[in-house]
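Have a look at the structure below, then the notes.
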Amino acid sequence: MDNTQSSLSLYAKHLGAAYLIYIVLGMLNSLLVKKGIYDFGAFAETEVRFRFAQIIDIIMFIAVIWASWAQYLVTKTINKNVAFLALLFRFGEGLLGFVATIITLTVIVVLRNQEYSNTFQEEQLHALASIFVNMSGSMWDVLLIIMGIGATIFMYLFYVSNYVPRWLVLWGAFTYMSMVVYGFSNILLLEPPQILKHFMLPGAFFEITFGLWLLIKGINIKPSSVDAPGLYKSNV
């Protein structure tokens with residue numbers, strides 16, 4: 001019992017740290033580093049920031065996979081099969097994020113390859129680079145969907161376990177379901193409602209709050225949560 005509780009507490013700390021790393025990196029990248037880097041007419045001035053932004057995204061998705069694994073280790077004590085399903089979605093989020101980043105990095109190949117510069121006009125190269133960026137952006141819409149589904153499933157497991165306050169879990173569930181709706185709306189609608197973007201900011205604050213809670217407060221582990229029969233059967 002003591003070993004199980006100690007392990008769960010450690011996994012929760014890992015989860016909190018991973019949450020904070022990927023959300024803080026994502027916010028700083030979007031708000032600061034990525035500003036203006038897709039103006040390919042000035043790519044010579046923004047290339048260093050462009051490359052740095054992609055490195056930040058790679059580190060961020062490494063943290064997403066780290067968080068996914070830690071979240072699985074915490075919640076598999078509640079229901080191993082459901083936790084594994086959630087892990088598949090969130091691990092897929094991380095992998096798709098890497099692919100989206102690779103596609104964005106193609107911009108460097110297009111704009112910095114001398115052979116292409118001798119073959120295509122500058123405007124054509126800029127248009128081709130924009131195509132790769134837009135393709136990567138479309139992948140982010142799919143990424144939001146699979147992230148939202150996986151994270152909502154994890155929130156359900158946290159809800160039934162009482163590991164953290166239920167108000168925090170409900171906030172998270174609303175956040176991640178909003179991401180699913182936002183992702184689908186960007187795919188289904190020619191002009192998705194702009195108000196949906198505003199749901200992303202409370203989601204960022206949730207992940208910061210959730211990460212800090214797990215790091216500082218940890219999870220509330222009760223004996224019934226780790227060795228009771230049925231739903232709470234331990235699989236550690």
Side-chain angles (χ1 to χ4, degrees), residues 8-34 53 56-75 78 83 85-98 100-101 139-186 195-220:
L8 288 175
S9 296
L10 178 61
Y11 300 152
K13 299 294 184 184
H14 276 271
L15 178 58
Y19 254 80
L20 287 174
I21 289 172
Y22 80 68
I23 188 59
V24 170
L25 285 178
M27 291 179 67
L28 290 177
N29 211 12
S30 297
L31 298 176
L32 298 177
V33 183
K34 288 185 177 180
I56 293 176
D57 275 345
I58 291 171
I59 297 173
M60 181 184 69
F61 287 117
I62 291 173
V64 166
I65 292 177
W66 175 21
S68 304
W69 181 242
Q71 205 155 18
Y72 168 73
L73 293 176
V74 172
T75 57
I78 310 307
L85 176 63
L87 172 65
L88 290 178
F89 277 101
R90 295 228 58 181
F91 187 76
E93 169 202 346
L95 293 182
L96 187 60
F98 287 133
T101 303
M139 295 184 71
W140 275 78
D141 292 331
V142 179
L143 185 151
L144 285 176
I145 294 171
I146 62 176
M147 171 191 181
I149 293 173
T152 300
I153 297 172
F154 274 132
M155 288 299 104
Y156 161 75
L157 293 172
F158 273 99
Y159 184 86
V160 299
S161 67
N162 286 315
Y163 279 164
V164 295
R166 285 187 168 178
W167 64 264
L168 186 58
V169 176
L170 291 174
W171 180 10
F174 174 78
T175 290
Y176 294 124
M177 286 188 286
S178 298
M179 290 181 179
V180 175
V181 173
Y182 182 65
F184 274 120
S185 69
N186 284 344
I195 192 174
L196 292 175
K197 290 184 178 180
H198 299 304
F199 287 109
M200 307 299 285
L201 187 58
F205 284 125
F206 161 75
E207 294 195 319
I208 292 174
T209 304
F210 191 57
L212 287 172
W213 185 284
L214 292 173
L215 269 179
I216 298 171
K217 302 274 292 184
I219 56 177
N220 180 30

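Only this structure's heavy atoms are used, side chains among them; waters, hydrogens and symmetry mates stay out.
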Requested in this report: Please round to the nearest 0.5 Å and tell me the distance separating atom CD1 of Ile149 and atom CG of Leu88.
Outcome: 12.0 Å

Query raised in the report: Can you tell if the side chain of Trp171 reaches within under 4.5 Å of the side chain of Phe205, non-hydrogen atoms only?
Result: yes

Report task. Determine the sole option in Tyr163, Phe158, Trp167, Phe154 for which the ring pair (Phe, Tyr, Trp, His ring centres under 6.0 Å) test with Phe210 is passed. Result -> Phe158

Query raised in the report: Do you know which two heavy atoms are closest between Ala83 and Thr75, and how far apart they sit?
Result: CB-OG1, 3.4 Å

**Report entry** is_close_aromatic(Phe61, Trp140), centroid dist under 6.0 Å
**Finding:** yes

Query - Side chains of Arg166 and Asn162 in contact at under 4.5 Å (non-hydrogen atoms) - result: yes

Requested in this report: Drop me the distance from Met179's CE to Leu144's CG, to the nearest 0.5 angstrom.
Outcome: 6.5 Å

Query raised in the report: Roughly how far, to the nearest 0.5 Å, is OG1 of Thr152 from CE of Met147?
Result: 9.5 Å

Query raised in the report: Of all heavy-atom pairs between Ala173 and Met155, which one has the smallest distance, and what is that distance?
Result: N-CG, 3.8 Å

Query - Residues in side chain to side chain contact (heavy atoms under 4.5 Å, CB included) contact with Trp69, at least two apart in sequence or another chain - result: Tyr72, Leu73, Leu87

Report task. Give the minimum heavy-atom separation between Ala86 and Gly150, together with the two atoms involved. Result -> CB-O, 3.5 Å

Report task. Starting at CD1 of Ile59, measure out to OG1 of Thr101 and round the result to the nearest 0.5 Å. Result -> 11.0 Å

Query - Smallest separation among heavy atoms of Ile219 and Ala12, with atom names - result: CG2-CB, 3.9 Å

Report task. Quick one: pull up CZ in Phe98 and CD1 in Ile58 and give me the separation to the nearest 0.5 Å. Result -> 7.5 Å

Ignoring hydrogens and angles, write down the donor-acceptor pairs under 3.5 Å from the side chains of residues 19-30, residues two or more places apart or on other chains.
| residue | atom | partner | partner atom | Å |
| --- | --- | --- | --- | --- |
| Tyr19 | OH | Tyr176 | OH | 3.1 |
| Tyr22 | OH | Arg90 | NH2 | 3.3 |
| Tyr22 | OH | Glu207 | OE2 | 2.8 |
| Asn29 | ND2 | Ala53 | O | 2.9 |
| Asn29 | ND2 | Asp57 | OD1 | 3.1 |
| Ser30 | OG | Gly26 | O | 3.0 |

Report summary line: Rounded to the nearest 0.5 Å, the CG atom of Leu214 sits from the CG atom of Leu168 at a distance of 8.0 Å

